[in-house]
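Comments concern the structure below.
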2 protein chains.
Amino acid sequence: MSVIHSPFARKLGAFVALSNKEQSALDRLHGRRKVFPAGVDMVHQGQTDQAAYILASGWVCSYKILADGTRQIVDFQIPGDFLGLRSVLFRTSDHNIEPVTKVEASEVLVRDLLETFNETPRLATAVLWAASRDEAMVVEHLVSIGRRDAKERTAHFLLELGARLKLVGLGSTSGYACPLSQYLLADTLGLSAVHVNRVLRELREDGLVTFQHGQVEIHDLDGLVALAEFDKTYLDHDGPLLK
Amino acid sequence: MSVIHSPFARKLGAFVALSNKEQSALDRLHGRRKVFPAGVDMVHQGQTDQAAYILASGWVCSYKILADGTRQIVDFQIPGDFLGLRSVLFRTSDHNIEPVTKVEASEVLVRDLLETFNETPRLATAVLWAASRDEAMVVEHLVSIGRRDAKERTAHFLLELGARLKLVGLGSTSGYACPLSQYLLADTLGLSAVHVNRVLRELREDGLVTFQHGQVEIHDLDGLVALAEFDKTYLDHDGPLLK
DNA sequence: GACGCCCGTTGATCGGGATCAGTGCGCCAG
DNA sequence: CTGGCGCACTGATCCCGATCAACGGGCGTC
């Protein structure tokens with residue numbers, strides 16, 4: 001088993017044990033690289049692009065802005081995540097997508113993707129698993145916003161991020177780098193920035209987690225998990241889910 | 001162009017103009033019928049069934065229950081909707097699914113579904129369109145709960161339901177039958193049942209919409225659309241979206 | 001160095017919606 | 001006929017989180 005190169009391959013590798021051939025097939029997918037500066041729309045409402053992207057580095061969020069100017073962030077994409085896959089395959093996109101940091105991304109043509117799947121069918125399974133996990137995340141997010149209070153929501157979100165980052169080797173169960181401002185956090189969690197600040201202070205005072213200087217430090221994992229009803233297996237598992 | 005039989009065919013027909021051959025291929029999908037009484041789990045957390053269902057009649061909801069007993073309903077399925085497609089194809093299911101009314105459903109084996117797609121590839125497109133619409137709905141729901149107040153949320157939801165029911169011929173822009181209790185509504189919108197009641201009263205007093213005796217009557221469509229920032233084209237279009 | 005701007009931070013106040021408590025009605029089982 | 005139950009409905013009160021207002025620090029620009 002060789003070294004896994006790209007974040008994308010690392011992510012899929014968390015679901016299916018990849019052979020060398022499959023890994024190189026994945027790496028071939030990372031064709032033309034594009035760089036996006038922070039704050040520029042990558043995909044906007046209704047646009048149906050011909051290309052999707054795989055993030056190589058940086059963070060991206062997809063959001064919707066309402067008439068009164070309020071913004072709701074639906075989810076974030078981190079290195080290894082597909083971007084625009086839904087809008088390409090399923091042509092669904094009623095919200096904007098833009099980087100929150102400088103982003104490097106591999107342009108992926110759907111044709112190439114499908115060809116890769118034909119060569120190594122198990123990759124298709126892995127991609128579907130990964131996609132399903134991302135979608136389950138949106139559902140969890142909905143449940144969070146609908147039925148959890150501010151503290152629980154925040155804890156859940158920070159754990160969720162940690163779990164995803166760990167998958168691609170960008171963090172551990174004790175902490176990770178996180179470039180999100182408290183304003184972004186607020187629009188994600190359906191709260192005001194002021195209140196996010198207070199909640200973060202409370203979590204810090206409770207000795208659960210700190211979020212300062214772009215760094216999340218998890219001090220009491222079990223406490224956080226209990227507070228957020230988070231499924232700890234997301235954080236704990238180490239090898240691929242399918243042998 | 002013959003008569004469209006099943007709710008499923010009607011729904012797909014709203015996206016793609018179907019030939020006679022394609023319609024009969026769809027009707028062949030409606031294999032073994034199953035009947036589920038109200039209130040019984042059809043699919044529960046984590047279960048990965050071999051079969052999906054197409055609803056022939058009745059209403060179903062998928063939800064998640066938190067440790068403190070509160071429930072968040074993620075979405076509803078109505079006649080013509082796929083049920084468990086995600087959990088079958090993508091194996092995603094971290095929430096329960098159960099009927100809120102007595103439900104008749106056609107069991108669909110994935111094998112049959114894929115074969116049908118091979119015969120008539122345009123059907124695959126239609127299914128993906130329909131699936132993407134359902135998924136966009138979940139995202140809209142998230143935005144609603146995160147950033148709209150109780151009145152706007154309720155208006156949005158009632159319009160959303162109306163649009164979907166109209167697709168399968170079960171309602172019009174002036175009203176539709178709706179078997180949901182105010183408790184179900186509350187758990188859907190992330191509100192308390194008490195407050196849902198008050199909101200419904202306000203909407204009635206505003207002359208916008210009434211929701212009584214299992215019947216939704218839309219009295220001021222434009223007012224509702226404005227309140228909810230709802231995309232009116234969902235309600236207005238009549239023919240298929242793709243010729 | 002001075003200014004502006006973004007972001008984090010804190011206090012004071014307000015309000016939307018939750019919660020508690022209770023009524024009434026239709027329906028079904030006994 | 002009667003008790004029980006689920007659901008619609010209403011009033012009173014409470015509280016979580018929004019809003020308003022203000023301050024400070026880092027950083028880029030002129």
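Letters go in sequence order (proteins before strands), and every chain restarts at 1.
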query = For the side chain of Gln215(B) and the backbone of Gln212(B), is there at least one donor-acceptor N/O pair under 3.5 Å apart?
reply = no
inquiry  = dC9(D), OP1 or OP2 - any side-chain N/O from Asn197(B) closer than 4.0 Å?
reply    = yes
request  = Could you grab the distance from atom CG of Leu221(B) to atom CG of Leu208(B), nearest 0.5 Å is fine?
outcome  = 10.0 Å
key: Degree of bending in the helix from dG1(C)-dC30(D) to dG30(C)-dC1(D) once both end axes are built from five pairs, to 10°   = 30°
query = Does the separation of the ring centres of Phe82(A) and Tyr53(A) fall below 6.0 angstrom?
reply = no
ask   = What distance do Glu217(A) atom CD and Phe211(A) atom CZ have between them, rounded to the nearest 0.5 Å?
value = 11.0 Å
Where protein sits on nucleotides 11-28 of chain D, one letter per nucleotide: B base, S sugar-phosphate only, - none, heavy atoms under 4.0 Å = BB----BSBB--------
Protein-nucleotide distance (Leu200(B), atom CG; dC7(D), atom C1'), rounded to Å = 13 Å
task = Give the first and the last nucleotide of DNA chain C, reading 5' to 3', that has any atom under 4.0 Å from a heavy atom of chain A.
result = dC7(C) to dA12(C)
key: Gap between atom CG of Asp206(A) and atom CZ of Arg201(A) - 0.5 Å precision   = 11.0 Å
inquiry  = Would you call the rings of Phe76(B) and Phe157(B) parallel, tilted or perpendicular, taking 30° and 60° as the class edges?
reply    = tilted
query = Quick one: are Ile78(B) and Leu170(B) in side-chain contact, heavy atoms under 4.5 Å?
reply = no
request  = Would you check if Val216(A) and Thr210(A) make a side-chain contact, meaning some heavy-atom pair closer than 4.5 Å?
outcome  = no
ask   = Does Arg147(B) use its side chain to pair, donor to acceptor, with the backbone of Leu191(A) at less than 3.5 Å?
value = yes
key: SB check Lys64(B) Glu229(A) (cutoff 4.0 Å)   = no
